[in-house]
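As structure tokens, the structure follows; a few thoughts come after it.
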Amino acid sequence: MKPKKINVKNSGVVKLQCYEDFPDGNLVIAEARKNIPFTIKRVYIINNLFNKKAVRGKHAHKKLEQIIFCINGSFVLRLDDGKHKQRIAMNDPSVGIRLGPMLWHTMLNFSSDCVILVFASDWYDEKDYIRAYDEFKRLTT
Ligand code: TYD
């Protein structure tokens, strides 16, 4: 399922260019500062999601910009901007979701073959994380 409309703040859909007409497979293309709207300084992958009860994320960032993709399998992305919440089924490698600043996000319901790819606008910095939901609520309301 592709999200029709994103209702939370600091998010949105990023559609990548996709060639699906090759007899020997598909091609999906991401280009920094073109369809990825920032200079990519970090890329990370989440895989090996065999634990059916796994729940990842559960944090927000103060400044970081990220675009998240499900490049294989499926999972559910839950977004919360402090006022509005949205649940998005992720299952298309050419459809990314922007995880902008001050957006609480949770990933769950992973298929065992799920592979997640994230492009980030900056290097890892634990000081940019908000890991306590009550602190996030205090800062967003
Ligand atoms: P975290 O971002 O909380 O994981 P997720 O959102 O995927 O559930 O990171 C988990 C751990 O990995 C945490 O100890 C920080 C570390 N980490 C890095 O060192 N560098 C990174 O780029 C990321 C994303 C995490």
Side-chain angles (χ1 to χ4, degrees), residues 1-22 24-141:
M1 185 199 89
K2 292 189 181 109
K4 287 188 179 69
K5 191 172 181 296
I6 302 291
N7 302 314
V8 293
K9 276 194 285 185
N10 298 343
S11 187
V13 177
V14 172
K15 180 78 179 89
L16 298 185
Q17 191 183 359
C18 183
Y19 293 98
E20 289 181 327
D21 52 352
F22 290 162
D24 298 329
N26 297 346
L27 179 64
V28 180
I29 303 145
E31 292 182 294
R33 300 173 66 187
K34 289 190 176 177
N35 42 21
I36 302 300
F38 49 78
T39 301
I40 298 164
K41 286 176 79 172
R42 179 164 53 106
V43 175
Y44 60 91
I45 289 165
I46 303 172
N47 66 348
N48 211 18
L49 290 156
F50 294 109
N51 174 10
K52 291 276 163 237
K53 293 181 182 161
V55 181
R56 301 197 59 122
K58 296 178 285 180
H59 62 255
H61 285 279
K62 294 172 190 162
K63 289 188 178 156
L64 189 70
E65 283 283 351
Q66 302 187 98
I67 312 288
I68 185 166
F69 294 90
C70 182
I71 58 168
N72 198 62
S74 62
F75 73 99
V76 169
L77 177 64
R78 276 202 209 135
L79 301 178
D80 175 351
D81 66 12
K83 267 191 176 165
H84 302 103
K85 294 184 182 182
Q86 189 163 357
R87 186 185 161 95
I88 300 167
M90 301 289 289
N91 54 21
D92 183 336
S94 71
V95 179
I97 298 295
R98 176 183 171 217
L99 302 175
M102 303 308 289
L103 190 59
W104 191 265
H105 56 280
T106 307
M107 296 163 263
L108 69 166
N109 288 12
F110 303 101
S111 64
S112 54
D113 60 350
C114 179
V115 181
I116 297 170
L117 175 70
V118 182
F119 296 125
S121 65
D122 213 340
W123 299 305
Y124 171 74
D125 178 7
E126 186 59 36
K127 291 193 292 301
D128 190 64
Y129 279 72
I130 301 167
R131 291 197 184 269
Y133 189 71
D134 56 352
E135 185 192 353
F136 170 75
K137 284 296 273 185
R138 190 170 48 75
L139 292 168
T140 51
T141 50

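Predicted model, so just to flag it, every value in this text is computed and none were measured.
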Inset, instruction - Please work out which of the three classes, parallel, tilted or perpendicular, describes the rings of Phe119 and Phe69, given edges at 30° and 60°. - result: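 Correct class here is perpendicular.
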If you round to the nearest 0.5 Å, how far is [atom2] of [Y] from [atom1] of [X]?
X      : Y      : atom1 : atom2 : value
Leu64  : Tyr124 : CG    : OH    : 11.5 Å
Asn35  : Ile67  : CG    : CD1   : 9.5 Å
Ile46  : Tyr44  : CD1   : OH    : 5.5 Å
Lys85  : Trp104 : NZ    : CH2   : 11.0 Å
Leu79  : Ser11  : CG    : OG    : 5.0 Å
Phe110 : Lys53  : CZ    : NZ    : 15.0 Å

Inset, instruction - Assess whether side-chain contact (heavy atoms from CB on, under 4.5 Å) is satisfied between Gln86 and Lys5, documenting all intermediate values. - result: CA-CA 10 Å; Gln86 189 163 357; Lys5 191 172 181 296; 5.8 Å; no
Minimum heavy-atom distance [X]-[Y], with the two atoms named:
X      : Y     : value
Ser94  : Lys15 : OG-NZ, 2.8 Å
Lys127 : Lys62 : O-NZ, 2.9 Å
Asn91  : Cys70 : N-CB, 4.2 Å
Ile29  : Glu31 : CG2-CG, 4.0 Å
Leu16  : Pro93 : CD1-O, 4.1 Å
Lys9   : Asp81 : N-OD2, 2.7 Å

Is any side-chain heavy atom of [Y] closer than 4.5 Å to one of [X]?
X      : Y      : result
Arg87  : Val76  : yes
Arg98  : Val13  : no
Val8   : Leu103 : yes
Ile88  : Ile6   : yes
Leu27  : Cys18  : no
Ser121 : Gln66  : no
Phe75  : Asn109 : no

Inset, instruction - Run the numbers on Ser112 and Lys52 for side-chain contact (heavy atoms from CB on, under 4.5 Å), then give the verdict. - result: CA-CA 8 Å; Ser112 54; Lys52 291 276 163 237; 4.2 Å; yes
Sidechain-backbone polar pair: [X] side chain, [Y] backbone, donor-acceptor under 3.5 Å:
X     : Y      : answer
His59 : Ala132 : no
Asn72 : Asp113 : yes
Arg42 : Asp122 : yes

Legend entry - Non-neighbouring partners of His84 that pass ring-ring contact (aromatic ring centres under 6.0 Å, His included), sequence neighbours left out: none
Legend entry - Check against side-chain contact (heavy atoms from CB on, under 4.5 Å), Glu65 and Asn10: CA-CA 9 Å; Glu65 283 283 351; Asn10 298 343; over 6 Å; no
Legend entry - Worked verdict on Leu117 versus Val43 for side-chain contact (heavy atoms from CB on, under 4.5 Å): CA-CA 7 Å; Leu117 175 70; Val43 175; 3.5 Å; yes
Inset, instruction - For atom NZ of Lys41, decide whether the heavy atoms of other residues, nucleotides or ligands shown that lie under 6.0 angstrom number more than 12. - result: yes
Inset, instruction - Tell me, yes or no, whether the heavy-atom count around Lys63 atom NZ, taken from other residues, nucleotides or ligands under 6.0 Å, exceeds 12. - result: no
Legend entry - Pairs involving residues 130-141, ordered by first then second residue, that meet side-chain hydrogen bond (donor to acceptor under 3.5 Å, both in side chains) (sequence neighbours left out):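 Residue pairs with at least one partner in residues 130-141: Asp80-Tyr133, Glu126-Arg131.
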Inset, instruction - Identify the residue among Ile97, Leu108, Ile116 that makes a side chain to side chain contact (heavy atoms under 4.5 Å, CB included) with Leu77. - result: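 In the set Ile97, Leu108, Ile116, the residue that makes a side chain to side chain contact (heavy atoms under 4.5 Å, CB included) with Leu77 is Ile97.
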